[in-house]
> 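Dropping a structure here in C-alpha cells format, bear with me for questions.
This structure is a prediction, so every number in the text was calculated from the model and none was measured. Within every chain, numbering begins at 1; the chains are lettered A, B, ... in the order of the sequence lines, protein sequences first and strands thereafter.
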Number of protein chains: 2
Amino acid sequence: MRRQTVTLKDVARAANVSPSTASQALSGTGRMTEATRRAVVEAAQKLNYRPNAVAQGLRTGSVRSIGLHHLHAGDRFASDYFREFVTGVLDGTQRADYDLTLLSSNPQVPRNRVPRVDGVIIADPIADDLRARQLLDSGLPVVAGEHPPDGMPDCPVIAADHAGALRQILDRAAAHGVRRPAFVGPDANSGWGVLLRAEFERWCADQGLPGATGESRFGDLSVAEHRRVIGELLAREPATDLLVLSSEPIVQGALTALEAAGRRVGSDVLLACCGDSPTLAMTAPPTTAVDLHPRALGMACAELLIRLVEHDAEPPEAPVLLPAEVRWRASLPGGARVPLG
Amino acid sequence: MRRQTVTLKDVARAANVSPSTASQALSGTGRMTEATRRAVVEAAQKLNYRPNAVAQGLRTGSVRSIGLHHLHAGDRFASDYFREFVTGVLDGTQRADYDLTLLSSNPQVPRNRVPRVDGVIIADPIADDLRARQLLDSGLPVVAGEHPPDGMPDCPVIAADHAGALRQILDRAAAHGVRRPAFVGPDANSGWGVLLRAEFERWCADQGLPGATGESRFGDLSVAEHRRVIGELLAREPATDLLVLSSEPIVQGALTALEAAGRRVGSDVLLACCGDSPTLAMTAPPTTAVDLHPRALGMACAELLIRLVEHDAEPPEAPVLLPAEVRWRASLPGGARVPLG
DNA sequence: GGCCATTGACGAATCGATTTGGCAGTCCCT
DNA sequence: AGGGACTGCCAAATCGATTCGTCAATGGCC
C-alpha cells in the first residue's frame with residue numbers, strides 16, 4: 001500500500017509540539033501562542049505537508065466530493081443534454097470547491113461499497129437501475145435531476161417544466177388547426193417519458209381530440225429503430241398532422257420516416273421535440289424544440305445537494321420546477337398560423 | 001457529521017463474533033468454520049451492511065477512484081476532443097470498477113488537501129497551471145494525456161502522434177505545390193503547441209521553404225480573436241498558400257479571415273487542422289484534419305494509470321505515441337494534385 | 001499420558017487526521 | 001496566602017475498517 005509521505009505527526013515532531021496542537025495550529029482553532037502557531041505552519045510548509053483527505057474524510061464525515069450517477073454515463077456524453085447537465089453540475093460543485101465523482105455505473109452489477117461522496121445527484125433516474133436504487137437506500141443525501149419513475153423511493157427532485165412547455169406547443173399546434181396529434185416517447189422506465197405522455201393525453205382529452213402515441217425503447221439512440229416506430233405510427237394513423245417527440249435522436253428517425261411517407265414537415269405535418277439540441281436548429285426545416293436549460297438544471301442540483309449536505313437543510317417537499325423555453329422554428333412556427341394539409 | 005448507519009461492529013455484534021472475524025468472513029480471508037462465515041454474511045445482509053469506502057481507503061491505501069485534472073474542465077466539455085477523451089477515460093475506469101473524480105480545477109487557487117484518489121490523469125497539461133504542478137509533486141501516480149510543456153516535472157505520457165500526422169499533411173501539401181506554408185497554434189504554454197510548431201519549422205527547414213507562424217492564446221475559443229490573428233498573418237504574408245491550424249476553433253476564424261481576404265480555400269490556399277471535430281466535415285469546403293482518436297487516448301491513459309496503481313508497474317520511459325489519422329477533405333485533398341494559385 | 005500441529009476466533013495495532021477534556025502554570029485580586 | 005480565571009499545550013478517544021500475532025481448544029500420534 002502507498003503510504004503518505006509527510007503526515008501531521010511529522011509536522012508536529014518538526015515543530016516540537018504534539019499532533020493535536022499541530023492540527024489546531026493549521027486549522028486556526030485551539031489556544032496557543034502566535035509563536036507556536038507560526039512554528040507549526042512553517043514546519044508544514046518546509047516539509048510540504050498536505051493533509052490526507054481520506055483521513056480527514058473518515059474523521060469529519062465529509063470528503064468534499066459529490067457523486068454523479070447516470071445510467072451508462074459512458075455512452076451518454078454523446079448527448080448534448082447530458083453534457084450540458086454535467087457542465088452545470090461541475091460549475092456548481094467547483095464553485096463550492098467540491099470534486100465531482102462520476103460513479104461507476106454498470107446497472108447490472110450492484111455495488112458493494114458505499115461511495116466516498118457526501119451526496120449523490122442522480123441524473124435522469126430510470127426505473128430498473130439497481131445502482132440508483134442502492135444509492136437511494138444508502139442513507140446518503142440524494143437529489144434527482146428529473147422526475148424519478150413511479151416505484152422509486154422518494155427524494156428531492158429538480159426538473160424542467162416539461163408539462164408547461166408541452167402545453168405551449170400543443171396549444172400553438174391547435175391554433176394552427178391540428179386535429180390528429182401524436183406523441184412518441186420512451187416507455188415507462190423513464191419518469192420523464194411517463195410525465196410527457198400523461199400530459200399529452202390529458203391535453204387531448206381536454207380538447208376532445210384523439211391522441212395517438214408510440215413508444216421508443218428508452219436509451220435506444222439508433223435512427224433506424226426510431227424510424228421504424230414512427231413509420232408504424234404513420235401507417236396506423238395516416239391522418240397524423242402533429243408529431244411531438246420526446247428527444248432529439250427520435251427526430252432524425254421521424255424526418256426519415258416522414259420523407260419516406262411523402263409528408264412535408266412544417267406544412268403537411270407539424271413537428272416538435274421536447275428537448276433541444278444544436279442539431280435541431282440545423283434540420284431541414286429547423287425543428288421547434290424545448291430548451292430545457294440542462295446547464296441551469298445541473299447547477300441547481302449541485303447547489304441544492306451541497307446545501308443539504310452542509311447545513312442539513314430541509315429538502316423541498318415538492319419537485320422544484322425550472323422554466324423551460326420553447327424555441328419556435330419552421331417545423332411548428334410560433335408566429336402566424338400556417339395552413340395545414 | 002453524518003454517521004454511518006450500519007458498521008462492521010454492528011454486523012459482528014449481530015453475528016456474535018468479533019469485528020476482526022466479521023471482516024475476515026466478509027472478505028473471504030482468515031480461518032473459521034463455514035457456519036461462522038455464513039452467520040456473518042447473513043447478518044450483514046439482514047442489516048443491509050455496506051462497508052464505508054473512506055475507512056477502507058484509509059486502511060488499505062486505495063480508494064478505487066482515479067482523478068482527472070483538466071484546466072477549466074467546466075468550460076471544456078464544449079470541446080469535442082475533451083468530451084471524447086473523458087468518455088474514453090470513463091470507459092477505462094469503469095471497466096476496472098474505478099470511479100472517476102473530476103478534480104476541482106481553479107488554476108489560480110492551489111489546493112490544500114491531497115485528493116482522495118489513487119492516481120491522476122492530467123489531460124492536456126498547461127505550463128502555468130498551479131494545480132497540475134501540485135499533483136505532480138504530490139507523490140500520487142500521474143499519467144499525462146498529451147505532452148507536458150517544458151519545465152514541468154517528468155511523468156509518464158501518452159500522446160497522439162501529432163508530428164507524424166503533421167508531416168503527412170505537409171508532404172501532401174508540398175506535392176500540391178505549396179511554397180509558402182504558415183502555421184498558427186497556441187503559445188508556449190501548451191506542450192502540444194510547441195511540439196507542432198517545432199515540427200513545422202523543422203519540416204520547412206528541411207524543404208528549404210520559408211515558414212510563417214502565428215500565435216493564438218491558448219484556451220481562447222473566440223472566433224473574432226482567431227480571425228484577427230489570421231488576418232494579421234495574411235497581411236504580413238500575402239503569398240501564403242497553406243494554413244496549418246492547431247485546433248478546430250481557429251478554423252472558424254481562419255475561414256472568415258480568408259473569405260474577407262478574397263482567398264478561396266482548397267484552390268488559392270490549402271487548409272488543414274491538427275485536430276478533427278464533426279464540424280470540420282461540415283465547413284465549406286470540408287476541412288482536412290487529423291483524427292487524434294481522443295477516446296482511445298483517454299482509455300489508454302486510464303489503463304496505464306490503473307496498471308501503475310495496482311501493480312506498481314514500471315512506467316514507460318518514453319512517451320507512448322498513439323497513431324493519428326489524417327482525414328483528407330476538400331480543403332487539402334489527399335488524392336490527385338490540385339492546381340494551386 | 002505427553003507432545004506437537006492445527007484450527008477457530010479474537011485483541012490490539014494501524015491508517016492519518018480531529019476534537020474533547022483536563023492538567024499544570026501564570027496572573028490577578030482580595 | 002489562597003482562590004478563581006485564564007492560558008498554553010497535550011493525551012487519549014474517535015472515525016470504520018484491515019491485519020498480524022496470539023491463544024485456547026481440539027486432534028492425532030507415538
> For A:Ser20, report the nucleic acid contact type (base, sugar-phosphate, nothing); a contact means any heavy atom under 4.0 Å.
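A:Ser20: base contact, heavy atoms under 4.0 Å.
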> What is the distance, to the nearest angstrom, from the NZ atom on A:Lys9 to the P atom on C:dC15?
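Value for this atom pair: 6 Å.
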> Taking the side chain of A:Arg59 as heavy atoms from C-beta outward, which of C:dA9, C:dG22, C:dA17 is closest to it?
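My answer, after comparing the listed nucleotides, is C:dA17.
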> Whole Å only: how far is the CZ atom of B:Arg38 from the P atom of C:dG8?
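After rounding, the reported distance stands at 14 Å.
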> Looking at the side chain of A:Gln24, which of D:dG16, C:dT19, D:dT7 is the nearest nucleotide?
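So the nucleotide nearest the side chain must be C:dT19.
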> To the nearest Å, give me how far apart CE (A:Met32) and C1' (D:dC10) are.
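After rounding, the gap between these two atoms is 11 Å.
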> Rounded off to whole Å, could you give me the CG-to-P distance for the A:Leu58 and C:dC15 pair?
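Atom-to-atom, A:Leu58 to C:dC15, this comes out as 14 Å.
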> Testing the basics here: between B:Val157 and B:Pro148, what is the closest heavy-atom pair and its distance to 0.1 Å?
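Closest approach of B:Val157 to B:Pro148: CG2-CD, 3.5 Å.
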> Mind checking A:Thr29 for me? I need base, sugar-phosphate or nothing, with any heavy atom below 4.0 Å counting as a touch.
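Nothing, no heavy atom under 4.0 Å.
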> Will you find, in the side chains of B:Ser20 and B:Ser18, an N or O donor that is under 3.5 Å from an N or O acceptor?
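Yes, a side-chain donor-acceptor pair sits under 3.5 Å.
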> At less than 4.0 Å, is any side-chain N or O atom of A:Ser18 found next to OP1 or OP2 of D:dC10? Yes or no.
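The answer is yes; a side-chain N or O of A:Ser18 sits under 4.0 Å from OP1 or OP2.
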> Can you check the B:Tyr49 OH to D:dT18 C1' distance for me, whole Å?
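Atom-to-atom, B:Tyr49 to D:dT18, this comes out as 10 Å.
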> Calculate the interatomic distance between A:Arg64 atom CZ and C:dA17 atom C1'; express it in whole Å.
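That distance rounds to 16 Å.
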> In terms of side-chain heavy atoms, does A:Ser27 have a donor or acceptor partner in A:Thr29 at a distance below 3.5 Å?
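Present: a donor and an acceptor within the cut-off.
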> Would you tell me if any nitrogen or oxygen in the side chain of A:Thr21 comes within less than 4.0 Å of OP1 or OP2 on D:dC10?
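So the side chain of A:Thr21 is within the cut-off, an N or O lying under 4.0 Å from OP1 or OP2 of D:dC10.
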> Go through C:dA17, C:dC15, D:dC9 for me and flag the one nearest to the A:Thr36 side chain.
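Looking only at heavy atoms from C-beta outward on A:Thr36, the closest nucleotide is D:dC9.
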> Whole Å only: how far is the CG atom of B:Leu26 from the C1' atom of D:dG16?
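It works out to 13 Å between those atoms.
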> For A:Ala44, which residues count as a side-chain contact (heavy atoms from CB on, under 4.5 Å) partner, sequence neighbours excluded?
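By the side-chain contact (heavy atoms from CB on, under 4.5 Å) rule, A:Ala44 matches A:Val11, A:Leu26, A:Tyr49.
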> Regarding A:Ser23, tell me which of base, sugar-phosphate or nothing describes its non-hydrogen contacts under 4.0 Å with the strands shown.
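Touches a base.
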> Which whole-number value in Å describes the distance from A:Leu8 CG to C:dT14 P?
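Between P of C:dT14 and CG of A:Leu8: 17 Å.
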> Quick one: pull up CD in B:Glu146 and CD1 in B:Ile122 and give me the separation to the nearest 0.5 Å.
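The distance works out to 13.0 Å.
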> Compare the minimum distances between each of C:dG8, D:dA17, D:dC9 and the side chain of B:Arg31, then state the nucleotide with the smallest one.
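Shortest atom-to-atom distance from the side chain points to C:dG8.
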> By nearest nucleotide on DNA chain C, pick out whichever of B:Asn16 and B:Ala55 is the more 5' one.
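In this pair, the answer is B:Asn16.
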> Kindly point out which of C:dA17, D:dA17, D:dC9 is positioned nearest to the side chain of A:Thr33?
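Of all the options, the side chain of A:Thr33 is nearest to D:dC9.
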